[in-house]
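One-based numbering along the sequence shown.
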Amino acid sequence: MAMLKIKKGDMVKVITGRDKNKEGKVIAINRKKNTLLVEGVNMITKHTKPSMQNQQGGIVHQEGPIHISNVMYLHKGQPTRIGFKFDGDKKVRFAKSTGDIID
């Protein structure tokens with residue numbers, strides 16, 4: 001399995017699709033399907049039955065998955081590609097546009 005360059009909690013910008021140019025924080029990542037959930041992007045409606053957690057049931061609005069290739073990492077408000085390099089003996093991510101270390 002390839003190493004993913006985007007992690008949970010990162011700010012990303014959608015670059016293609018219905019929600020193009022929207023920005024949000026990554027909520028969850030599905031490594032098997034290479035998809036992620038972004039806060040407030042690709043909203044879907046889901047019809048739910050009443051349950052113990054949701055007594056009412058009804059229509060619920062939630063985020064749908066987006067393929068990881070359709071988003072770019074935001075660094076200082078600008079979308080950028082991400083690379084890996086070694087800082088001493090530790091592997092770190094860096095922004096290719098500026099060369100700054102991300103984490």
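Distance CD1/Ile82 to CD1/Ile6: 5.5 Å, rounded to 0.5 Å. Going from atom NZ of Lys85 over to atom NZ of Lys96 covers 11.5 Å, rounded to the nearest 0.5 Å. Summarising the geometry, atom CG belonging to Asp100 is positioned 4.0 Å from atom NZ belonging to Lys76; distances are rounded to the nearest 0.5 Å. Here the CG-CG distance, from Asn70 to Asp19, works out to 10.5 Å after rounding to the nearest 0.5 Å.
Across Lys5, Lys25, His75, Arg93, a single residue satisfies side-chain hydrogen bond (donor to acceptor under 3.5 Å, both in side chains) together with Asp10, and that is Arg93.
The minimum heavy-atom distance linking Leu74 with Pro79 is given by the pair CD2-N, 3.6 Å. Considering all non-hydrogen atoms of both residues, Val26 and Lys7 come closest at CB-O, 3.8 Å. The two residues Val38 and Ile27 make their nearest non-hydrogen contact at C-CD1, 4.1 Å. Here the closest non-hydrogen pair linking Ala95 and Thr80 is CB-CG2, 3.9 Å. Pairing each heavy atom of Tyr73 with each of Ile102, the nearest pair is OH-CG2, 3.2 Å. Nearest heavy-atom pair, His67 versus Lys33, reported as atom, atom and distance to 0.1 Å: CD2-O, 4.1 Å.
In the hydrophobic clustering of this structure, Leu37 does not group with Met72; members are Ile, Leu, Val, Met, Phe, Trp, Tyr whose side-chain heavy atoms approach within less than 4.5 Å, directly or through other members. In the hydrophobic cluster analysis, where Ile, Leu, Val, Met, Phe, Trp and Tyr join through side-chain heavy atoms closer than 4.5 angstrom, Val71 is grouped apart from Met11.
Contact of the Leu36 side chain with the Lys8 side chain is not registered, since no non-hydrogen atoms from C-beta on lie closer than 4.5 Å. Between Glu63 and Val41, every side-chain heavy-atom pair lies at or beyond the 4.5 Å cut-off. Contact of the Leu4 side chain with the Asn34 side chain is registered, since non-hydrogen atoms from C-beta on lie closer than 4.5 Å.
Counting only distance, with no hydrogens or angles, the side chain of Asn42 and the backbone of Pro65 share a donor-acceptor pair below 3.5 Å. Although no hydrogens or angles enter the test, the distance criterion places no donor-acceptor pair under 3.5 Å between the side chain of Thr35 and the main chain of Ile66.
Within 6.0 Å of CD on Gln56 lie no more than 12 heavy atoms contributed by other residues, nucleotides or ligands.
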